[in-house]
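So the structure is just underneath, and the comments pick up after that.
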Amino acid sequence: MRIDVATIFPEYLDPLRHALLGKAIEQGRLSVGVHDLRDWAAGTHKPVDSAPAGGGPGMVMKPDVWGPALDDIAAGRADGSELDSAMPHLERLRHDELQGVAGNSYDGEGEDSDLPLLLVPTPTGKPFTQDDARAWSHENHIVFACGRYEGIDQRVIDDARNRYRVREVSIGDYVLIGGEVAVLVIAEAVVRLIPGVLGNKRSHEEDSFSDGLLEGPSYTKPRVWRDLEIPEVLTSGNHGLVDKWRREQSLQRTLERRPELLHDADLNKADKKFLEGLGWTSA
Ligand code: ADE
């Protein structure tokens, strides 16, 4: 996968070089380019924003800066700086050894699925979900446009549909200063699902949200810690009982913390019976 990020704070994206994403870069499964938006700004002061049309507070990012930046990035003409992994100890894989980087399973209505995906983080966007992360983990090329201030002139987003499949996305109902932190969140959620990036496939098959439920609690050694014991079933060696217990913990936690998720979760008879025993009603 190729990720490009356009921002006025390129150094903000440095965490992408670390941990799991650094590993994906080192493995050759991911490459990341970070582009300073000011490279497309004109004049001595290189302004990237201007007062909102119609008046009001704040500043709006200029279309004549963003437009050429997104054109160049889509066409592969933008140099930017290539992020090296902060984990240089892993072996590089040849391109033909990579799995899961080709193919593009995300199709919007009437869109050309060969176009790169442009993600514009904004509190006014559609909520980003695990389903999006799963779909976008199959993309070949994702471009992030980080807005600041009062956002980006809307014509940039509208015009970008000629070169991109565009999604405006929010990471939650709160307002950040800009899109950079949202990019870190979305990129991490997406990249960890690229096949081969996480060592153990089961660890994301059992993620919270992957079956519409929250994951239950986890434990590890020592068996007793500060007088607190690991639930006995987990040390019983009985895999059937362990699976049943985990399912029930997951159902219980979801009921307590995110009951609305149960409406769309895939629940069998036993799940419903267990939940009803906790006072849940399906209506
Ligand atoms: N930019 C500012 N706030 C944001 C949010 N909640 N989600 C995504 N991008 C943002």
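Counting starts at 1 for both ligands and their atoms, in listed order. Since the model is a prediction, treat every value here as computed from it, not as a measurement. Values reported hereafter were calculated over all heavy atoms of this structure, with side chains retained and with hydrogens, waters and symmetry mates removed. The chain is numbered in sequence order, starting from 1.
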Problem - Closest protein heavy atom to atom 7 (N) of ligand 1, given as residue, atom name and distance to 0.1 Å - result: I171 N, 3.0 Å
Problem - Heavy-atom side-chain proximity of K23 to V197 below 4.5 angstrom - result: no
Exercise for the section: Salt-bridge test for R134 and D131: reply yes if a basic N is under 4.0 Å from a carboxylate O, no otherwise. Expected result: yes
Practice task
Go through ligand 1 atom by atom and flag the ones less than 4.0 Å from a non-hydrogen atom of A182.
Solution key: 8 (C), 9 (N)
Exercise for the section: Tell me which part of S170 gets within contact of ligand 1: side chain, backbone, both or neither, using heavy atoms under 4.0 Å. Expected result: both
Fill in the blank from the handout: Note: D173, heavy atoms under 4.0 Å from ligand 1, region reported as neither
May I have the list of side-chain donor-acceptor pairs in residues 35-45 shorter than 3.5 Å, sequence neighbours left out?
residue	atom	partner	partner atom	Å
H35	NE2	D4	OD1	2.7
D36	OD1	R38	N	3.0
R38	NH1	K46	O	2.9
W40	NE1	D72	OD2	2.7

Problem - E180/R148 ion pair, N-O < 4.0 Å - result: yes
Completion exercise
ligand 1 atoms nearer than 4.0 angstrom to some heavy atom of V169 are 8 (C)
Practice task
Consider ligand 1: state whether an atom of it lies below 4.0 angstrom from any non-hydrogen atom of V181.
Solution key: no
Problem - G172 N/O under 3.5 Å from ligand 1 N/O - result: yes
Handout entry: Any donor-acceptor pair under 3.5 Å from S208 side chain to E215 backbone
Key = yes
Problem - Trace of the side-chain contact (heavy atoms from CB on, under 4.5 Å) decision for R29 with M1 - result: CA-CA 6 Å; R29 291 187 161 92; M1 177 185 289; over 6 Å; no
Problem - Top protein contact for atom 9 (N) of ligand 1, by heavy-atom distance - result: T122 N, 3.1 Å
Problem - Minimum-distance protein heavy atom relative to atom 3 (N) of ligand 1 - result: L176 N, 3.0 Å
Practice task
In plain terms, say whether K273 and E248 are close enough for a salt bridge, that is, a side-chain N and a carboxylate O under 4.0 Å apart.
Solution key: no
Exercise for the section: Identify, for atom 6 (N) of ligand 1, the protein heavy atom at the shortest distance, and state residue, atom and that distance. Expected result: Y174 O, 2.8 Å
Practice task
Name all residues meeting the ring pair (Phe, Tyr, Trp, His ring centres under 6.0 Å) criterion together with F128; count only those two or more places apart in sequence or in a different chain, and write none if there are none.
Solution key: W136
Problem - Contact atoms of ligand 1, heavy-atom distance to P121 under 4.0 Å - result: 8 (C), 9 (N)
